[in-house]
There are 2 protein chains.
Amino acid sequence: MLKLTKKADYGLIALKYLAEHPETPALSAKDIADAYGIPAQLLAKILQLMTKKGLLRSHAGMNGGYALAREAREISAYEVILAIDGPFFITSCTKGAKSCELTPSCTIKEPLARVNDTIAGVLKSISIQDLAEHEQPGMPANGAAGLVSLRL
Amino acid sequence: MLKLTKKADYGLIALKYLAEHPETPALSAKDIADAYGIPAQLLAKILQLMTKKGLLRSHAGMNGGYALAREAREISAYEVILAIDGPFFITSCTKGAKSCELTPSCTIKEPLARVNDTIAGVLKSISIQDLAEHEQPGMPANGAAGLVSLRL
DNA sequence: TCAGTATACGACCAATTGTGTCGGGATTAC
DNA sequence: GTAATCCCGACACAATTGGTCGTATACTGA
Ligand code: FES
Ligand code: FES
């Protein structure tokens, strides 16, 4: 539960990989898939999705492939997840604003919606570049990168 | 994606309901299920799970049922979710410490683990009592209840 | 112009997970 | 002893996710 789908995971990995290779004009889906042992065709579909959402730019033909549409710093993990898995809500009742309006006595939705927003905020504060910059192991103890306040 | 299962939702609802009725010594699974239109037998299993994890105390026999094992303030949403859905990891690769060790080049797991911890922290900061205390609508603008720092 | 490389897209199936039901057994109160 | 209640495993069904296939389309370079 509360876990990323593999697709979203693959998407993040692919973007991270692209962010790590800024010199190349484009990388094909197969290139990326091979680098990580990801099913190539599946990754292709994911990349296509992200292209449609404006996160990537694609180019067909020889030496074609995908490239980041924006700076790695300007693409958040939230956007990636949103593009691949669609809008997400932590509460299972918030589906069509239908099923749970039937039980007006249940007020659990409201506080959980705040949690949802908080998580979304955290995800928004993470950029692809953050993922790509892998500090060496050993806890470098760098400063706090983000601060998220949860208001009940 | 990234959503609570219905079971966890039901579990939270049930605990909230129990927290709202502190006067009664115990409420049966059926009582709670009827109050919200939740499948009774399913809820029963969920309550049993939470009992086994020490969140509830149960009592068989007539006028039996369930009661909170601790103060509502002392039970966090995190514990509930953990009890019902098991340990959760946002990263899909962190399953058996197996699949992703094969690709040591992928460093995406690390930063996402921090996100995971952050979310867990948020969930831990929410108690059943927080859910039960439904402020009236209208944004009461009360002070910040929790502050979670995300350190990349 | 033509062959090769690559994206684009839809349909489809397989695997997993989530949701809900059933049935029998054990406890407890009255 | 009977009715209410918890306990628990097995099962069936539904939804989601993961992955494949086939084909169409676009671009490149010789
Ligand atoms: S479960 Fe949807 S509002 Fe309570
Ligand atoms: S996907 Fe698991 S470490 Fe990268």
Side-chain angles (χ1 to χ4, degrees), chain A residues 1-11 13-14 18 24-34 36-67 69 81 84-89 91-93 95-96 99, chain B residues 1-11 13-14 18 24-34 36-53 55-67 69 81 84-89 92-93 95-96 99:
Chain A
M1 74 125 279
L2 215 53
K3 71 173 190 294
L4 252 44
T5 59
K6 267 187 192 165
K7 286 183 189 175
D9 213 352
Y10 291 163
I13 291 171
L18 286 169
T24 61
L27 286 167
S28 76
K30 189 170 182 309
D31 289 340
I32 304 173
D34 287 352
Y36 291 102
I38 298 173
Q41 296 190 103
L42 179 55
L43 180 62
K45 273 208 306 199
I46 295 167
L47 294 174
Q48 285 158 25
L49 247 179
M50 290 195 287
T51 302
K52 200 151 60 177
K53 303 283 181 168
L55 269 51
L56 291 175
R57 254 172 312 174
S58 65
H59 196 148
M62 283 180 73
N63 300 319
Y66 299 89
I81 295 169
I84 296 174
D85 286 342
F88 73 101
F89 300 100
T91 46
S92 61
C93 50
K95 45 179 76 161
S99 59
Chain B
M1 79 124 280
L2 215 54
K3 71 174 190 294
L4 253 44
T5 60
K6 266 189 192 162
K7 286 185 190 176
D9 214 352
Y10 292 162
I13 291 171
L18 285 169
T24 62
L27 286 167
S28 76
K30 187 167 184 311
D31 288 341
I32 304 174
D34 287 351
Y36 292 101
I38 297 173
Q41 295 191 100
L42 179 55
L43 180 62
K45 273 209 306 199
I46 294 166
L47 294 174
Q48 283 158 27
L49 248 178
M50 291 195 287
T51 303
K52 201 152 59 177
K53 303 283 180 167
L55 270 50
L56 291 176
R57 255 173 310 174
S58 64
H59 196 147
M62 284 180 74
N63 299 319
Y66 298 88
I81 295 169
I84 296 173
D85 287 342
F88 73 101
F89 301 100
S92 60
C93 51
K95 45 179 76 161
S99 59

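Protein chains get the first letters and strands the later ones, always in sequence-line order, with residue 1 at the start of each.
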For the pair made of [atom1] in [X] and [atom2] in [N], what is the distance, rounded to whole Å?
X     : N      : atom1 : atom2 : answer
A/D31 : C/dT5  : CG    : P     : 13 Å
B/I84 : C/dG18 : CD1   : P     : 13 Å
A/L43 : D/dT20 : CG    : P     : 12 Å
B/I46 : C/dT19 : CD1   : P     : 9 Å
A/D85 : D/dT16 : CG    : C1'   : 11 Å
B/K3  : D/dA15 : NZ    : P     : 12 Å
B/Q48 : D/dT5  : CD    : P     : 14 Å

Exercise: identify the closest heavy-atom pair between [X] and [Y]:
X     : Y     : value
A/P25 : A/A67 : O-CB, 3.4 Å
B/D85 : B/A8  : OD2-CB, 3.5 Å
B/L43 : B/A33 : CD2-N, 3.5 Å

Would you give the length of the straight line joining atom [atom1] of [X] to atom [atom2] of [Y], rounded to the nearest 0.5 angstrom?
X     : Y     : atom1 : atom2 : result
A/I46 : A/I32 : CD1   : CD1   : 10.5 Å
A/N63 : A/L27 : CG    : CG    : 11.0 Å
B/M50 : B/Q48 : CE    : CD    : 10.5 Å
A/K7  : A/L42 : NZ    : CG    : 6.5 Å
A/I13 : A/K6  : CD1   : NZ    : 10.5 Å

Practice problem: Check each residue of residues 49-61 of chain A for a non-hydrogen atom within less than 4.0 Å of any atom in DNA chain D, then write out the ones that pass by number, or none. | Solution: A/H59, A/A60, A/G61
Quiz item: Can you list the residues that meet the side chain to side chain donor-acceptor pair (under 3.5 Å) rule with A/S28, with sequence neighbours excluded?
Solution: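 Testing A/S28 for side chain to side chain donor-acceptor pair (under 3.5 Å), a comparison that skips the adjacent residues, returns A/D31.
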Exercise. Under 4.0 Å between any heavy atoms, over every strand shown, what does A/A44 touch: base, sugar-phosphate, or nothing? Just pick one.
Key: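 Nothing, no heavy atom under 4.0 Å.
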Contacts under 3.5 Å, N or O only, protein and nucleotides 20-24 of chain C:
residue	atom	partner	partner atom	Å
C/dG20	OP2	B/Y10	OH	3.4
C/dT21	O4	B/K45	NZ	3.0

